[in-house]
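Down below is the structure, laid out as structure tokens.
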Amino acid sequence: MDPQPDQIMGARGYCICTKCGEKIPHQAGIPCREETCPKCGAKMVREGSHHQQLMERKRKGENIP
Ligand SMILES: [Zn+2]
């Protein structure tokens, strides 16, 4: 029972819109930054990535140096 590539941690997850927060399933082989939001057409980032965490903090109104 070898794990399939798409079952390995890191190959799954979601892409999140930098603008409206829309979430779509990450597609293997397609970097989130190359995806566009189905709702607003903005760029997307990988859920849980450094970029997404910064974005979340900004949305909550935190000051980021
Ligand atoms: Zn969007």
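First listed ligand is number 1; within each ligand, the first listed atom is number 1. The residues of the chain are indexed from 1 along the displayed sequence. Everything numeric here is computed off the predicted structure, so don't read it as measured data.
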Pairing residues for Cys17 by the disulfide (SG to SG under 2.5 Å) criterion, not counting sequence neighbours =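 Checked Cys17 against disulfide (SG to SG under 2.5 Å); zero matches.
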inquiry  = I'd like to know if the two cysteines, Cys37 and Cys20, have SG atoms within less than 2.5 Å.
reply    =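 Looking at Cys37 and Cys20, their sulfur gamma atoms do not lie closer than 2.5 Å, so the answer is no.
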Residues 57-65 side chain polar contacts: donor-acceptor under 3.5 Å, at least two apart:
residue: Arg57; atom: NE; partner: Glu62; partner atom: OE1; Å: 3.1

ask   = Is Tyr14 isolated, or which residues cluster with it under the ILVMFWY side-chain rule of less than 4.5 Å, directly or via members?
value =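 Joined to Tyr14, directly or through intermediates: none.
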key: Donor-acceptor pair, side chain of Glu56 and main chain of Gln52, under 3.5 angstrom   =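 A pair under 3.5 Å: no.
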ask   = Of all heavy-atom pairs between Ala42 and Thr18, which one has the smallest distance, and what is that distance?
value =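 Scanning both residues, the minimum pair turns out to be CB-OG1, 4.2 Å.
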task = With 2.8 Å as the limit, jot down which protein N, O or S atoms are around the Zn ion (ligand 1).
result =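 Near the Zn ion (ligand 1), below 2.8 Å, one finds Cys17 SG, Cys20 SG, Cys37 SG, Cys40 SG.
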